[in-house]
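For reference, the structure is listed below as structure tokens.
One-based numbering, in listed order, for ligands and for the atoms of each.
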Amino acid sequence: MDTRGGFSSRLGFILAAAGSAVGLGNIWGFPTQVASNGGGAFVLVYIFLTFLLAYPVLMAELIIGRSAQSNIVTALEKISDSQTSFYPTFTKKISRGVGFWGVLTASLILSFYAIVAGWMIAFALAPIANLLNMPYLADWLTSFSVSRNLLFCILFYLLTISIVQKGVRAGIERWSRRLMPILLLMIIVLIAYVATLEGAMAGWSLYLKPDFSRVFAPELLISAMGQAFFSLSLGVGTMLIYGSYISKKENLPVLGVAVTFVDIGIAILAGLLIIPAMFVAEHNGVEIYTKTGQLLSEDTLLFSVLPALFSSMDLIGYFVAIIFFMLMTIAALTSSISMLEVPVALAVERHNTARKKATWIIGLIIFIVSICIIYNFGALFGLIITITTKYSEPLIGLLLCVFVGWVWRRDLLLKELKQGFNHAETSIFWLIWPFYVRFICPLIITVVFYNSIM
Ligand code: PFF
């Protein structure tokens with residue numbers, strides 16, 4: 001009996017995969033990078049690289065997943081065994097190692113992501129505390145402390161676990177369907193509101209007028225590529241496992257394009273909100289430039305510039321702040337469920353563990369890692385982000401390209417692609433993509449990787 005479950009429809013998959021892709025990386029990471037990398041120039045390079053590099057790797061994950069109908073470890077073993085691979089000597093051990101590395105990376109990403117997501121919940125509650133005339137509580141909610149970090153991290157894990165334990169259709173798909181439209185609506189309402197405020201125009205012009213002289217700056221290229229990978233949730237087996245839940249009737253390249261467009265679209269919308277908001281904040285007297293004249297970014301942007309903006313808006317500011325941080329929480333949640341699904345699917349499929357039990361045990365283990373980070377924040381937080389997002393994700397992405405480009409038999413790859421896409425063999429996709437993942441992607445990723453180490 002097939003107990004794997006799967007998405008009920010095309011839209012169900014698109015919303016779930018887009019839910020995974022759209023997260024803190026889009027709404028926080030992307031605008032921050034735009035602010036610190038020359039505005040519109042970064043936007044252009046990012047869009048270009050997403051199609052040039054991230055989309056082909058996304059396709060690799062979706063095709064491997066749907067063909068193998070399994071988690072990343074089992075899937076890589078399947079495509080590299082003696083019947084399916086050009087090089088049976090490419091032993092199962094290597095594929096297993098790469099698979100487990102992906103699972104570990106997904107789990108570690110969740111361990112820091114859940115902490116940041118917890119802050120979003122706390123920041124959404126702070127204005128409520130203020131409205132209720134409890135300034136001490138509001139202060140605790142918005143100040144960095146072990147107790148606050150722990151409490152809200154637990155809360156976020158409980159939300160994530162309660163969705164994942166329900167399975168693909170009743171958990172992941174249902175909640176992505178509910179939350180993604182709310183997210184979109186909230187962003188649009190906030191953009192419209194911020195656009196009416198004094199100062200917003202300066203933000204729009206920085207954002208929409210690219211400074212072409214910066215397009216080829218090496219540090220801009222590297223940041224844009226890293227952002228593209230993280231943003232599409234690549235290199236950790238998330239898209240691979242979601243791919244395994246897609247029906248064989250669906251046309252994979254088309255689905256991949258849809259997810260990529262939604263991801264880019266929401267990032268661009270988030271920029272239209274955050275960048276003008278920064279300039280409105282400046283207009284209201286909030287510091288948005290550093291002493292050296294650079295735009296503030298990273299945590300300063302989200303946790304001081306925006307709250308300062310909200311509090312300069314009188315009563316309505318409280319409600320805008322609540323909506324904004326709820327939006328961040330929702331975006332984080334549809335991403336965190338996809339991270340937890342990676343190890344859970346492995347436990348369910350390889351070790352025959354019941355889904356509910358697997359979800360709770362694995363959730364608890366990853367939470368323990370989060371506790372270690374919370375208690376050793378200075379030493380571990382940045383380190384784990386760097387190891388997972390800067391090194392692990394691109395490297396595993398590179399290896400996945402090697403698997404589809406060099407290891408997996410080309411005829412079997414085509415056979416999988418043809419399901420739901422009859423004319424695959426004569427399509428432009430088939431003309432370009434196999435060559436592309438075989439040579440170009442590994443080359444580009446190697447160059448990026450080399451540059452990011454140097
Ligand atoms: N794509 C998510 C974001 O942009 O916030 C982050 C992410 C989700 C990374 C899922 C990795 C992952 F497996």
Side-chain angles (χ1 to χ4, degrees), residues 14-34 46 49-50 54-55 57-58 61-62 65 71-72 99 101-120 156 160 163-164 172 176 179-180 183 187 223-244 256 259-271 274 298 302 327-346 362 366 384-397 400:
I14 293 175
L15 288 180
S20 167
V22 174
L24 302 176
N26 298 61
I27 306 180
W28 178 10
F30 178 76
T32 306
Q33 302 250 25
V34 173
Y46 172 76
L49 291 181
T50 298
Y55 172 73
V57 176
L58 171 66
E61 289 209 24
L62 294 182
N71 63 81
I72 182 169
W101 181 11
V103 175
L104 184 69
T105 305
S107 309
L108 284 175
I109 291 180
L110 178 57
S111 73
F112 73 76
Y113 208 84
I115 300 175
V116 181
W119 298 341
M120 303 298 163
F156 188 76
T160 305
I163 295 177
V164 174
I172 294 172
S176 303
L179 297 177
M180 289 301 288
L183 178 79
I187 297 181
S223 306
M225 282 200 235
Q227 176 65 25
F229 249 90
F230 182 71
S231 188
L232 269 176
S233 313
L234 298 176
V236 296
T238 292
M239 288 301 178
L240 193 152
I241 191 73
Y242 275 20
S244 78
V259 172
T260 307
F261 268 112
V262 177
D263 187 47
I264 291 183
I266 301 245
I268 290 179
L269 281 179
I274 307 272
E298 312 210 343
L302 212 58
L327 180 152
M328 299 296 289
T329 308
I330 291 173
L333 190 59
T334 52
S335 297
S336 65
I337 54 182
S338 73
M339 296 169 202
L340 185 57
E341 180 63 16
V342 175
V344 167
L346 177 78
I362 294 170
I366 303 177
I384 292 188
I385 295 183
T386 306
I387 291 177
T388 52
T389 63
K390 207 165 158 192
Y391 300 110
S392 257
E393 281 197 82
L395 261 186
I396 298 172
L400 291 175

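Shown here for Pro343 and Ile362, the closest heavy-atom pair between the two residues is O-CD1, 3.5 Å. What you find for Ile366 and Ser107 is that their closest heavy atoms are CG2-O, 3.4 Å. Of all heavy-atom pairs between Glu341 and Ile241, the closest is CG-CG2, 4.1 Å. In this structure, Ala228 and Thr50 approach most closely via the heavy-atom pair CB-OG1, 3.7 Å.
Applying the 4.0 Å criterion to heavy atoms of Ser338 picks out, from ligand 1, the atoms 10 (C). Proximity to Ser231 (heavy-atom distance under 4.0 Å) selects the following atoms of ligand 1: 1 (N), 4 (O). Residue Leu24 approaches ligand 1 through these ligand atoms, each under 4.0 Å from one of its heavy atoms: 5 (O). Contact atoms of ligand 1 toward Asn26: 4 (O) (distance under 4.0 Å to a heavy atom of the residue). Residue contact check: Ser20 has heavy atoms under 4.0 Å from atoms 1 (N), 2 (C), 8 (C), 10 (C) of ligand 1. Residue contact check: Gly25 has heavy atoms under 4.0 Å from atoms 3 (C), 4 (O), 5 (O) of ligand 1. Close approach of ligand 1 to Met339 is summarised as follows: ligand atoms under 4.0 Å from at least one heavy atom of the residue are 7 (C), 8 (C), 10 (C), 12 (C), 13 (F).
Note on ligand 1: Ala106 sits outside its first shell, no heavy atom being nearer than 4.0 Å.
The distance from atom CZ of Phe30 to atom OG of Ser231, rounded to the nearest 0.5 Å, is 8.5 Å. Interatomic distance, CG of Leu104 versus CD1 of Ile396, reported as 8.5 Å (0.5 Å rounding).
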- Item | Evaluation steps, side chain to side chain contact (heavy atoms under 4.5 Å, CB included), between Ile72 and Leu346 | CA-CA 8 Å; Ile72 182 169; Leu346 177 78; over 6 Å; no
- Task: Show your working on side chain to side chain contact (heavy atoms under 4.5 Å, CB included) between Val342 and Thr105 and close with a plain yes or no.
- Result: CA-CA 10 Å; Val342 175; Thr105 305; over 6 Å; no
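Ranking protein heavy atoms by distance to atom 5 (O) of ligand 1, first place goes to Tyr113 OH, 2.5 Å. Of all protein heavy atoms, the one lying nearest to atom 4 (O) of ligand 1 is Ala21 O, 3.0 Å. Among all protein heavy atoms, the one lying closest to atom 13 (F) of ligand 1 is Thr238 OG1, 2.6 Å. Protein heavy atom in closest approach to atom 12 (C) of ligand 1: Ser233 CB, 3.6 Å.
Between the side chains of Ser20 and Ser338, at least one donor-acceptor pair of N or O atoms lies under 3.5 Å.
Under 4.0 Å from ligand 1, heavy atoms of Phe230 appear from its side chain as well as its backbone.
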